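Step one of this worksheet: look at the structure below.
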Amino acid sequence: VLGALLIVLAAVLIAIYVRWANRRYDAEVAVLRGKR
Amino acid sequence: MSDHSDAAIVFFLGFVAVTLVITYWAARRTRSTAAFFAAEGRISAGQNGLALAGDYMSAASFLGIAGLVATSGFDGLIYSIGFLVGWPVVTFVIAEPLRNLGTYTFADVVAYRLRQRPVRIAAATGTLVVVTIYLIPQMVGAGNLIRLLFGLDYETAVISVGAVMLCYVLFGGMIATTWVQIIKAVLLLTGAIGLALMVLWRFEGSPLALFGAASERYPGALAPGKLVSSPLEAVSLGLALMFGTAGLPHILMRFYTVPDAPTARRSVFYATCVIGLFYLVTFILGFGASVLVGREAIVAADKGGNMAAPLLALELGGSGFLGFIAAVAFATILAVVAGLTLSGAAALSHDLWGQVVRRGQVDEREQLLVARIATIGLAVIAIVLGIAFRGQNVAFMVGLAFAIAASANFPALLMSMTWRRFTTAGAVSSMVTGVVSAIVLITLSPTVWVDLLKNEEAIISLKNPGVITMPLAFVVGIVVSLVFPEPDADARFEEAEARMHLGA
């Protein structure tokens with residue numbers, strides 16, 4: 001069960017990161033790109 | 001010829017026919033190096049996610065892990081988990097910077113602010129060693145599988161695999177290879193999930209009932225210690241599997257096929273979901289095979305346990321379903337071999353010919369020609385090695401490929417992106433140390449020294465060298481960089497960092 005949880009956790013971690021990056025990180029990058 | 005052979009032939013020929021039609025379509029679009037190596041960066045996140053999964057889920061995953069779980073119980077799962085948990089590393093550290101800094105190979109990134117020629121030679125060597133070592137078990141596996149199922153002799157089987165793969169890569173380049181991997185990933189997932197559902201059907205849909213039955217039939221099946229007895233060995237294997245993923249050249253190359261870094265990021269998420277689902281299913285397949293087929297029958301069919309999934313398919317779905325699973329396993333090998341060959345051809349054509357021999361002064365036509373010649377050369381090498389290693393136990397080679405990728409490619413890639421004071425000398429010494437130490441330690445380990453070379457006792461007891469070779473590669477890279485500083489590389493760090501985050 002722990003093994004299965006670890007696999008699910010890996011996907012969940014990536015999902016959280018992708019959501020954050022799509023919303024926040026990309027917006028910040030766009031601002032920085034505009035300043036270049 | 002048996003029923004399952006007929007079914008396997010029908011499914012397999014269907015797969016080859018469809019993929020060759022795709023190759024013909026792709027060939028008409030493959031007229032530049034950008035198309036040949038990177039599908040012109042036009043692959044979507046969903047497509048690349050499936051293709052990454054197709055590239056990653058090798059026959060070793062499908063046949064090998066199901067077999068290990070069936071014969072060794074709980075410990076077999078270290079492979080499922082180790083292979084999967086490498087993907088967060090790829091997401092957080094590698095995917096986006098790689099897409100922003102490179103063009104076709106990971107050497108583009110390592111060499112970005114360093115001296116091109118020495119770094120390209122070392123990186124291409126690391127790539128070619130990993131590709132060659134990873135190709136051997138795929139070709140041997142394909143030869144054995146076809147011989148067993150289709151009744152062809154081993155040499156003909158290996159040559160057939162090489163010839164079909166050559167068609168994909170030579171004519172269709174990355175576009176055809178991507179679609180072969182997408183189709184293979186869908187087929188593999190469908191077959192594995194179908195088989196798992198059949199297993200669960202026998203246990204009223206409850207995985208816990210299945211695990212209980214496995215534990216009842218083979219007491220201790222759910223306890224650790226059968227396959228990996230020492231904690232150090234477990235950590236070492238885990239390190240190689242986790243960080244090796246982030247250093248496999250054919251996986252890294254896939255990030256150049258998408259238009260930008262956000263798409264690369266999303267594609268890793270899709271890939272992780274597909275691969276995670278697949279590895280969760282291997283739990284069911286492995287324990288299902290041990291209960292429904294029996295360890296004795298699995299080991300009698302193949303000492304390494306690789307026939308666990310096919311025998312389970314025969315038990316639950318009859319000869320027709322076995323034929324389908326066999327064809328899926330074969331398609332799996334073909335797709336992985338195509339991806340490996342393409343990354344090897346990129347290292348030879350882009351890194352060695354384009355940047356080392358021609359010092360960056362190479363036109364499109366010439367580079368494409370060299371890439372195609374390299375593809376033919378690699379296909380011939382794959383066939384020759386597949387035939388040469390006939391009958392050998394080559395299972396350790398997948399672990400060796402991951403150990404080299406984790407020790408030679410990953411440390412250099414990570415340090416080049418994140419450490420300002422990393423130098424050309426540091427990169428080269430780190431990559432050379434990673435390759436040489438991994439090969440030497442594996443050779444001296446029980447896997448090769450005792451099992452293969454038939455010596456009485458191994459010089460080193462550790463079967464997986466990652467826990468030594470990976471830190472060693474980091475230490476050597478750091479020490480050499482500090483001893484031989486490179487002001488030019490230091491000065492270019494800001495530019496590289498900006499490009500890594502903001503893109504070109």
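Chain naming here is simple, since letters A, B, ... match the order of the sequence lines and numbering starts at 1 in each. It should be emphasised that the depicted structure is a prediction, and the values quoted were computed from it without experimental measurement.
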- Task: Mind checking the CZ-CG spacing from Phe269(B) to Asn22(A)? Nearest 0.5 Å is all I need.
- Result: 10.0 Å

- Message: Rounded to the nearest 0.5 Å, what separates atom CG in Leu9(A) from atom CD1 in Ile81(B)?
- Response: 11.5 Å

- For atom CZ of Arg19(A), is the number of surrounding heavy atoms from other residues, nucleotides or ligands below 6.0 Å larger than 12? no

- Task: For chain A, find which of Val85(B), Thr272(B), Thr91(B) contributes the most heavy-atom pairs closer than 4.5 angstrom.
- Result: Thr91(B)

- Can you tell me how far CG of Asp26(A) sits from CZ of Arg265(B), rounded to the nearest 0.5 angstrom? 4.0 Å

- Pick whichever of Ala21(A), Ala11(A), Ala10(A) has the most heavy-atom pairs under 4.5 Å with chain B. Ala21(A)

- Message: Any side-chain to backbone donor/acceptor pair from Arg33(A) onto Leu502(B)? Under 3.5 Å, distance only.
- Response: yes

- Message: Quick check on the structure: residues of residues 273-286 of chain B within a heavy-atom distance below 4.5 Å of chain A, by number.
- Response: Gly276(B), Tyr279(B), Leu280(B), Phe283(B)

- CD1 (Ile14(A)) and CZ (Phe92(B)) are apart, to the nearest 0.5 Å, by 6.0 Å

- Would you please go through residues 45-55 of chain B and name the residues with a non-hydrogen atom below 4.5 Å from one of chain A, in numerical order? none

